[in-house]
Structures are given as structure tokens and as C-alpha cells.
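Below is one structure, written out as C-alpha cells; the observations come after it.
On a predicted model such as this, the values are computed, not experimentally measured, just so you know. The chains referred to below are lettered A, B, ... by the order of the sequence lines, with proteins before strands, and numbering in each begins at 1.
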Number of protein chains: 2
Amino acid sequence: MSAGTIKLDSMLCFAIYATGHAFTRFYKPRLDALGLTYPQYLVLIVLWERDDITVNALGNRLFLDSGTITPLIKRLEARGLVSRKRDEDDERQVRIRLTPEGRALQDKALAVPLTIARGTGLTREDVDRLRAELLTLRDRLDSQAEGSKSG
Amino acid sequence: MSAGTIKLDSMLCFAIYATGHAFTRFYKPRLDALGLTYPQYLVLIVLWERDDITVNALGNRLFLDSGTITPLIKRLEARGLVSRKRDEDDERQVRIRLTPEGRALQDKALAVPLTIARGTGLTREDVDRLRAELLTLRDRLDSQAEGSKSG
DNA sequence: CACAATTAAATTGTGCACAATTGAATGTTG
DNA sequence: CAACATTCAATTGTGCACAATTTAATTGTG
């Protein structure tokens, strides 16, 4: 096994790391056409599913913190795709809402997942199985990371 | 299927993206003990496998370009783990070599993959199968990205 | 050999990603 | 209700990741 050396080619984490980058590169020309980065695209998908949510809710859905979300949202705001407003009942929170332009962009985005799905060369079943395995792994890693902050 | 809306929970790319981040977070306390980031750890693994290689060779192995590799290597150099030297036969190339300190760090790093493997909760067989599927996917995405630069 | 094309690394600029801190608003407890 | 604790978003600082450009060295061609 890994007695003596650490082998890059046997590491699952590197396969995930490299495939993630390959996905981002594959998305790039499609998202460039919408003027979006991949993380910006993810944020809009969340808002298309449920509009008017807080920075925190957005972060929980995407596993990102305010240090990542806040500047990203400001860029989407500068593009006129979303608006930010303090919650009137709890002024610590900032609610993010789609503008008409942000909502309209959904139509142009609908073609993207079809292109991506074709690009993977996988069947719907393979995608679903692979995705389920990865999410199980993600949850297991995250739950253990919580517990061993000082280990 | 995805007629009407794009569903985050059905997206394979997001599962990969989020699992990659979970992996990085899970690695963090282990790599902090070695004073390394995850990409720095990957670079050292490549050098432990084969010392004295060019920036280009390192980038090809890790699917990264000089814009990422160069500053990363300079940080490893500042820590005294690697050295950089122009190739005498081809002065365009820079060869990266481990210092004795860089080589010595391998011993301390050997425990890391064991901890990670345990953390995934997967069998060796599951890891191998999952890894193989992801690498196939990565290659398919990368080969198509090449061909559709202008599409 | 001169000169255009190519290659390699470094540089510049933008955008994540996250730890740590800050500051304001809200909750909690005595 | 006053002091303390918690929560939320924003900010600061470091380190990738990559497109585009720059600089220098090498290769290819006439």
C-alpha cells in the first residue's frame, strides 16, 4: 500500500480536486456567454430556487462563508442581477433578492445544464449514483472536521 | 427532468465542488501541523515521487499552469523546502529540487494519508472505483474543453 | 547566419476560499 | 434593565487558480 511513499495517482482527494478544476474549465465558455463565474452561477441557481434569502442561508446551501459570499454578491449587485437589503425585523441580516434582470437570466441559463450533462458522457443513473456517493463522503468529512477542530 | 428550473441538488459538478472543499477543510488541521497548504502538499508529493523536475512537468502532473505553480514554489523556497535553478542546457526551464529539509518532511507526512483514508470511511475498493470514475470524467471534460475553446 | 515562430517561466489582474477580526444588532441572565 | 454572550455580515490578510501578457531562450526556415 502506501508504505514508503505517498502516491498521487492513488489519492481520491486529488481525483476530486482535478475533476473539479476540469469542470470549472468546461463550464467557463458557457458561463462566459452569461457573464458569470461558476460560483456566481451557483449563487443564482440558489436564488432561482428560492428568492429573498439571507447571506447566511446562501452560505449554508453552498458551504461557503460570508467572506466568500459578501464580495461575490456585491459583484452580482454591480451587474444589476441582485439587490441587497437589511432585514427590517433583524437588522443584522442582509436579504438578497433577484432583480428582473437576474430573474430573466434564468431563461438563458437553462441550456447550460443540458450541455454539461452531454459533456460528462454519463447516463442519468451514473450521475445520480456518483453524486450520492460524493455527498455521503462530503457529509462524513464535514462532520469529522467539526469534531476535530483542535486535533 | 430539468424543465423549468436548474436544481442544485441534482448537479454532479456541485457535489464535486463541495466535496473538494470538504476535503480541503478535513486536510487543514493535518497539513497545518506540517506548515503546508493542500496545493503545496500536492507539489511535494510529486517531488517526493520524482525530484528535480521543471515547472512545466509539475504543472502537467497537477493540471496547473505557471501562474499558479511559480508563486507556490517561491513560498516553498522561502520555507527552505525546495530550491529553484535554471536548467543549464535550456535556460528557459527552471528545475525544482527538494532540499534536505524538503526530503525530511516526507517522514512526517506519511501519517497523513492514513488519517485521511480512515476519515473517508470508504474501503480501498470503493476509493479505487470512485477515483477511476472521476479520472475518466476529468479526461472526458478536459478533452472536450480543448476542442471547444471557441464554441 | 538572420529572423520569424515557438516555448518556458514569470508577471499582472480578477475572482474565489477561508481564518481571524471587527462592529453592530439581538438574546440572555442575573 | 444592565452586563454579558451570541449572531450576522463585513473586512482584512493569505493563498490558490487562471486568462492574458511579457520577457528571455531556443528552434525552425529561408
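- Applying the 4.0 Å criterion to OP1 and OP2 of D:dA9, one finds that A:Ser66 has every side-chain N and O outside that range.
- Residue-level contact check: A:Thr24 touches neither bases nor backbone, having no heavy atom under 4.0 Å from any strand.
- In this structure, CD of B:Glu91 is placed 18 Å from C1' of C:dT6, rounded to the nearest angstrom.
- Side-chain proximity of A:Arg84 to the nucleotides D:dA10, C:dA9, D:dT6 is greatest for D:dA10.
- Taking the side chain of A:Asn56 as heavy atoms from C-beta on, and the options C:dA10, D:dA17, D:dA9, the nearest nucleotide is D:dA9.
- Side-chain proximity of B:Gln40 to the nucleotides D:dC16, D:dA24, C:dA19 is greatest for D:dC16.
- Each of D:dA10, C:dC16, C:dA9 was ranked by its minimum atom distance to the side chain of B:Val94; first place goes to C:dA9.
- Proximity note for A:Asp90 (side chain, C-beta onward) versus D:dA10, C:dA25, D:dA25: the nearest is C:dA25.
- In this structure, B:Ile69 reaches neither bases nor backbone, as no heavy-atom distance under 4.0 Å exists between it and the strands shown.
- A 4.5 Å side-chain heavy-atom check between B:Arg84 and B:Lys74 finds at least one atom pair inside the cut-off.
- OP1 or OP2 of D:dC16 lies within a sub-4.0 Å distance of a side-chain N or O belonging to B:Arg75.
- Of the listed nucleotides (C:dC18, D:dT11, C:dC16), C:dC16 has the atom at the smallest distance from the side chain of A:Thr37.
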Stepwise salt bridge (charged side-chain N to carboxylate O under 4.0 Å, His left out) check, A:Asp90 with A:Arg92: CA-CA 5 Å; A:Asp90 183 347; A:Arg92 289 172 304 183; 2.9 Å; yes
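- Nearest to the side chain of B:Pro39, among D:dA17, D:dC18, D:dG15, sits D:dA17.
- The side chain to side chain donor-acceptor pair (under 3.5 Å) with B:Arg95 is formed by just one residue from the set B:Asp51, B:Thr54, B:Asp87; it is B:Asp87.
- The side chain of A:Lys74 approaches D:dT11 more closely than any other nucleotide in the set D:dA24, D:dT11, D:dA10.
- Contact annotation for B:Asp89: backbone-only contact, meaning every heavy-atom pair under 4.0 Å involves sugar-phosphate atoms and none involves a base.
- Here C:dA24 is the nucleotide among C:dA24, C:dA10, C:dT6 with the atom lying nearest to any side-chain atom of A:Arg92.
- Here the CG atom belonging to A:Asn56 is positioned 8.0 Å from the OG atom belonging to A:Ser66, to the nearest 0.5 angstrom.
- Nucleotide D:dC4: paired with C:dG27 (Watson-Crick or G-U wobble, both distances less than 3.5 Å).
- For C:dA17, the OP1/OP2 oxygens have no side-chain nitrogen or oxygen of A:Thr68 closer than 4.0 Å.
- Distance, B:Glu88 CD to D:dA25 P: 14 Å, rounded to whole Å.
- When the side-chain nitrogen and oxygen atoms of A:Tyr17 are compared with OP1 and OP2 of D:dA17, one or more of them lie within a distance under 4.0 Å.
- At C:dA24, none of the side-chain N or O atoms of A:Gln93 fall inside 4.0 Å of OP1 or OP2 (strictly under the cut-off).
- With C:dA10, D:dT11, D:dA19 as the choices, the nucleotide that has an atom nearest any side-chain atom of B:Arg86 turns out to be C:dA10.
- Across all strands shown, B:Asp32 has no heavy atoms under 4.0 Å from either base or sugar-phosphate atoms.
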